[in-house]
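Residue numbering restarts at 1 for every chain, and letters A, B, ... go by the order of the sequence lines. Hydrogens, waters and symmetry mates play no part in the numbers below; they use all other heavy atoms, side chains included. In this text, all values refer to a predicted model and were calculated from it rather than measured experimentally.
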There are 2 protein chains.
Amino acid sequence: MPDTASRSPKGEQTRQAIVAAALGLFRAGGYDATTMRAIADEAGVSLGNAYYYFSSKEHLVQAFYDQVQTEHASAARRVLATETAFAPRLSGLFVAWVDVATPYHAFAGQFFKNAAEPTSPLSPFSPESAPARDASIVLFRTVVEGSDLKVTPELRSELPELLWMLHMGVVLFWVHDASPDQRRTRRLVERIVPLVDRLARMTRLPVVRGIVEDLVVLLRDLRR
Amino acid sequence: MPDTASRSPKGEQTRQAIVAAALGLFRAGGYDATTMRAIADEAGVSLGNAYYYFSSKEHLVQAFYDQVQTEHASAARRVLATETAFAPRLSGLFVAWVDVATPYHAFAGQFFKNAAEPTSPLSPFSPESAPARDASIVLFRTVVEGSDLKVTPELRSELPELLWMLHMGVVLFWVHDASPDQRRTRRLVERIVPLVDRLARMTRLPVVRGIVEDLVVLLRDLRR
DNA sequence: GATGGGACTTGAACACGTTCAACTATCCGC
DNA sequence: GCGGATAGTTGAACGTGTTCAAGTCCCATC
């Protein structure tokens, strides 16, 4: 079952037809209302054949994930190439994600529950999501390392993952955000970034530094 | 269809039999593996009858919610009656929740997705959950107000909701925690509470105070 | 004690995601 | 070109959550 590997020419063609059919139907009618039979029909393959390429309906959503991640990465590169200060770099990353994801907001809410299940491959914490997760964390590492931000070395190494967690929080907020064009999410981003910026710069102050060190130790301890 | 209302004697008896059967089977075999047919059999009613009382399998989960919340509230009252310092009060609340929820960990993750869906009434952010949410926030308010903690007035009024959000974070961690007896969650709690304690007391320092005020303003702005 | 209506109960039927044994196409070594 | 393995393909069948038309029971009203 070649789920993400083994790209022989013939199969790849069918695979992409299924992905195209699925994304089209998802976007048109939502996740739940789109049946695997409809996807197979639309792609011109049999039901069983769709399962040969994607071992579940959820696995089809991984294609959507990859697409958003890829688009975000390229949009992020444009921002990171021009900005040098920490705050605009971070803000740029957040805003770029919202821009990329906005067209899918309605559809995202419907299958978000599947991503929230700990055992689901769609969970951002799952092993299957590790590549996308790591790629995302790399973006935040670039935000930190390419900027003028001065923090302690220990925090500097943990900051990318912390920022990714904040990003997950923004995503959670976005999914629940029913305001037009997700304006509340945009407002959250534009106002939380300066806070993070100030907070990060504050971590070198003697009074704050101790607590940050403890936090870093806790993070490292929980990770193993 | 008397889902949560209309408690005439006859129906209530059947209703409780179904809840008891469901919780027992959920706990024994997990959420997904427990079929509605098995629940109906165990309760001694027909399949259709189970649906007369609970319009979906998800709605049966509300019974679990109510039970955990009730148990947590009473366990919390015991802790809050004996402790006066902020840190042990907060820690007590967190630990009490983990204690209450631990027996259900295996299958809690399986239906956690229901709570994560933005449109679901089971979401902790939904209007339907407002009573349970408010009841929980009240517990955290009691933690703050019954303690020796000194913070600025603005933060003091927002702190209960902030602590509730932290609690949601702990719950999220717990759901994803596969370690035996959820030891990692317990370690997280026991080590993050002192950090929160120090952080809260630090908010009166001039350098930190400004950022806290901005955070409070942001919270209030996003809420409306 | 009939009767009407609401509360309650039933199991067959439906649509869905998923599985699987069987089948066909393709390609590689000889 | 032959044989066999690997890749690709099929649709019927299964178990599930859910719906529904058709009942049965209860009891207030007359």
Might you list the N or O atoms of the protein lying below 3.5 Å from N or O atoms in nucleotides 18-22 of chain C, with each pair's distance?
{"residue": "C:dT18", "atom": "OP2", "partner": "A:Tyr51", "partner atom": "OH", "Å": "2.9"}
{"residue": "C:dT18", "atom": "OP2", "partner": "A:Lys57", "partner atom": "N", "Å": "2.8"}
{"residue": "C:dT18", "atom": "O4", "partner": "A:Arg37", "partner atom": "NH2", "Å": "3.4"}

How far does the helix from C:dG1-D:dC30 to C:dC30-D:dG1 bend, going by the axes of its first and last five pairs, to the nearest 10°?
-> 10°
Taking only residues two or more places apart in sequence or in another chain, which ones pass side-chain hydrogen bond (donor to acceptor under 3.5 Å, both in side chains) with A:Gln182?
-> A:His105
With sequence neighbours excluded, tell me which residues meet ring-ring contact (aromatic ring centres under 6.0 Å, His included) with A:Tyr65.
-> none
Residues which pass salt bridge (Lys or Arg N to Asp or Glu O under 4.0 Å) with A:Arg27, listed by chain and number, not counting sequence neighbours = none
Within residues 24-35 of chain A, residues whose heavy atoms come under 4.0 Å of DNA chain C | A:Thr34, A:Thr35
For B:Tyr31, which residues count as a ring-ring contact (aromatic ring centres under 6.0 Å, His included) partner, sequence neighbours excluded?
-> B:Phe26, B:Phe111
Can you list the residues that meet the side-chain contact (heavy atoms from CB on, under 4.5 Å) rule with B:Ser179, with sequence neighbours excluded?
-> B:Asp177, B:Arg183, B:Arg184
Heavy atoms under 4.0 Å is the rule here; annotate nucleotides 21-26 of chain D 5' to 3' with B where the base is hit, S where only the sugar-phosphate is, and - elsewhere.
-> ------
Under the side-chain contact (heavy atoms from CB on, under 4.5 Å) test, residues paired with B:Ser157 that sit two or more places apart | B:Arg220
For A:Arg187, all residues meeting side-chain hydrogen bond (donor to acceptor under 3.5 Å, both in side chains), sequence neighbours excluded = B:Asp221
With distance as the sole test, does B:Thr34 use its side chain to make a donor-acceptor pair with the main-chain N or O of B:Leu25 at under 3.5 Å?
-> yes
Taken in chain and number order and not counting sequence neighbours, the residues that satisfy ring-ring contact (aromatic ring centres under 6.0 Å, His included) with A:Phe112 are none
Among C:dT10, D:dT9, C:dC8, find the nucleotide with the atom closest to the side chain of B:Tyr52.
-> C:dC8
